[in-house]
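Taking it in order: structure first as structure tokens, then the write-up.
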Amino acid sequence: MSTVLFDNPGPVTRARHRVYTGVALLAFGVLLGFALWQLWSTEQITPDKWEAFTEPHIIQALFEGLLDTLSAAALAITLAVTFGAVFATGRLSDRAWVRWPSWLVVEFFRAVPLLLLILVIFLGFSSLGPYWSLVLGLMLYNGSVLAEIFRAGVQAVPKGQSEAAYAIGMTKSQVLAQILAPQAVRSMLPAIISQCIVALKDTALGYVIGASGILKVGKQIYISPLYNNPFATAVVLAVVFIIVNYSLSRLAVYAEHKMSQRGATTVENVESTTGA
């Protein structure tokens, strides 16, 4: 259907679009075929390169490495959420001696590159070891980002709600904890989950300091003269990360749906109580 801003293409235009599409698909197929041929000629995708991933001890090692990665990510995310909540509260404080130091901490750790942060912790506090250096680096960086997300979520709540809460005698802490924070978390949940996914992917940076995890296991596999399959290993690790991150994304959608239902139920209860 034609509109004011768009006219349906005529026969000549449609034919031209089909030609463009065919040429683009042909070019993509040629590039893909060339890439596969290069990988095959260098023996990177021959069947023997994938045999390692059918051996039970390799599968078990990858599974244990994945557990180490998920453990570091879960601990870092938990600490980052706590860090973000504390410093978001500090940034929203009416007291300047709380607000300005909180601002300085958040801006500092947001600005420092994560890899540099991990290396500084690892080299400066060697007694912590690779695992805790990775976890603390992830906590400081992602916690600072989450602090800004929490603060933006709280400030996005209409002022009328906090004014109504103050009018019935609630303190600032009660308003923040019972009125503003739940709505901020609900509205910012997609951004919070996205940052958690980023934290999970950033666990790969532990590779540079030798932290245990699935990437370290992958390196041990592909550098082995028995396998020597960096491309196949990279593909397998990428698939594992995609599955884990997609599962986390679906969990976020489910949590957002449940929280929306809970919010709708609360509104209905309030309306039925007030007779609206």
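Quick caveat, the model's predicted, so the values are computed rather than measured.
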(message) Could you check whether any side-chain heavy atom of Arg91 comes within less than 4.5 Å of a side-chain heavy atom of Gln155, counting everything from C-beta outward?
(response) no
(message) Show the nearest heavy-atom pair for residues Val106 and Ala147, with the distance to one decimal.
(response) CG2-CB, 4.0 Å
(message) Quick check for you: to the nearest 0.5 Å, what is the distance between Gln195 atom CD and Asn142 atom CG?
(response) 4.5 Å
(message) Does any part of the side chain of Arg99, heavy atoms only, come nearer than 4.5 Å to the side chain of Arg95, both counted from C-beta?
(response) no
(message) Walk me through whether Lys49 and Tyr227 qualify under side-chain contact (heavy atoms from CB on, under 4.5 Å).
(response) CA-CA 6 Å; Lys49 298 298 182 184; Tyr227 304 118; over 6 Å; no
(message) Any side-chain to backbone donor/acceptor pair from Glu51 onto Pro47? Under 3.5 Å, distance only.
(response) no
(request) Tell me whether Phe231 is reachable from Leu215 by hopping between hydrophobic residues (I, L, V, M, F, W, Y) whose side-chain heavy atoms are closer than 4.5 Å. (result) yes
(message) With clusters defined by side-chain heavy atoms of hydrophobic residues (ILVMFWY) lying less than 4.5 Å apart, directly or transitively, does Trp103 cluster with Val154?
(response) no
(message) Side chains of Val19 and Arg16, heavy atoms from C-beta outward: is any pair under 4.5 Å?
(response) no
Enumerate donor-acceptor pairs with a distance under 3.5 Å from any side-chain N or O in residues 121-134 to protein atoms, sequence neighbours excluded.
{"unit_1": "Tyr131", "atom_1": "OH", "unit_2": "Ser71", "atom_2": "OG", "d": "2.9"}
{"unit_1": "Ser133", "atom_1": "OG", "unit_2": "Gly129", "atom_2": "O", "d": "2.7"}

(message) Is it the case that the side chain of Ser41 and the backbone of Trp37 share a donor-acceptor pair, with hydrogens and angles ignored and the cut-off at 3.5 Å?
(response) yes
(request) To the nearest 0.5 Å, tell me how far Asn228 CG sits from Tyr222 OH. (result) 10.5 Å
(message) How long is the straight-line distance from CG of Leu136 back to CG of Leu75, given to the nearest 0.5 Å?
(response) 8.5 Å
(message) Once rounded to the nearest 0.5 Å, what's the spacing between atom CZ of Phe108 and atom OG of Ser144?
(response) 9.5 Å
(request) With the side chain counted from C-beta on, respond yes when Thr203 and Leu70 share a heavy-atom pair under 4.5 Å apart, and no when they do not. (result) no
(request) Give the C-alpha distance, both sets of side-chain angles, the deciding distance and a yes or no for side chain to side chain donor-acceptor pair (under 3.5 Å) between Gln44 and Gln38. (result) CA-CA 9 Å; Gln44 288 299 318; Gln38 284 289 327; over 6 Å; no
(message) If we ignore hydrogens and angles and just use 3.5 Å, is the side chain of Ser212 paired with the main-chain N or O of Asp68 as donor and acceptor?
(response) no
(request) Tell me whether Leu226 is reachable from Leu62 by hopping between hydrophobic residues (I, L, V, M, F, W, Y) whose side-chain heavy atoms are closer than 4.5 Å. (result) yes
(request) Could you tell me whether the side chain of Asn229 reaches within less than 4.5 Å of the side chain of Ile45, counting heavy atoms only? (result) no
(request) Report yes if the side chains of Thr46 and Trp40 come closer than 4.5 Å at any heavy-atom pair, otherwise no. (result) yes
(message) So, using ring pair (Phe, Tyr, Trp, His ring centres under 6.0 Å) as the criterion, who are the partners of Trp50 when residues are at least two apart?
(response) none
(request) Count the heavy atoms of every other residue, nucleotide or ligand shown that sit under 6.0 Å from CD of Glu43, and state whether that count exceeds 12. (result) no
(message) Using side-chain contact (heavy atoms from CB on, under 4.5 Å), reason through Val145 and Phe109 one step at a time and then give a plain yes or no.
(response) CA-CA 9 Å; Val145 177; Phe109 287 116; over 6 Å; no
(message) So Ile214 and Glu64, do their side chains get closer than 4.5 Å, heavy atoms only?
(response) no
(message) Can a donor-acceptor pair be found, under 3.5 Å and without considering hydrogens, that links the side chain of Thr82 to the backbone of Thr78?
(response) yes
(request) For residues Val112 and Leu116, report the shortest heavy-atom separation together with the two atoms involved. (result) CG1-CD2, 4.2 Å
(request) For Tyr141, look at atom OH and say whether over 12 heavy atoms of other residues, nucleotides or ligands are found less than 6.0 Å away. (result) no
(message) Can you tell me how far apart CD (Gln174) and CG (Leu180) are? Round to the nearest 0.5 Å.
(response) 12.0 Å
(request) Among Leu104, Val98, Val105, find the one that has a side-chain contact (heavy atoms from CB on, under 4.5 Å) with Ser102. (result) Val98
(request) Over all heavy atoms of both residues, which pair between Ala191 and Ile149 is shortest? Give the atoms and the distance, please. (result) O-CD1, 3.9 Å
(request) Find out if a path of hydrophobic residues (ILVMFWY) with successive side-chain heavy-atom gaps under 4.5 Å connects Phe241 to Ile59. (result) no
(message) In this structure, would Ile193 and Val198 fall into the same cluster of hydrophobic residues linked by side-chain contacts under 4.5 Å?
(response) no
(message) Distance check, rounded to the nearest 0.5 Å: Thr21 atom OG1 versus Leu26 atom CG?
(response) 12.5 Å
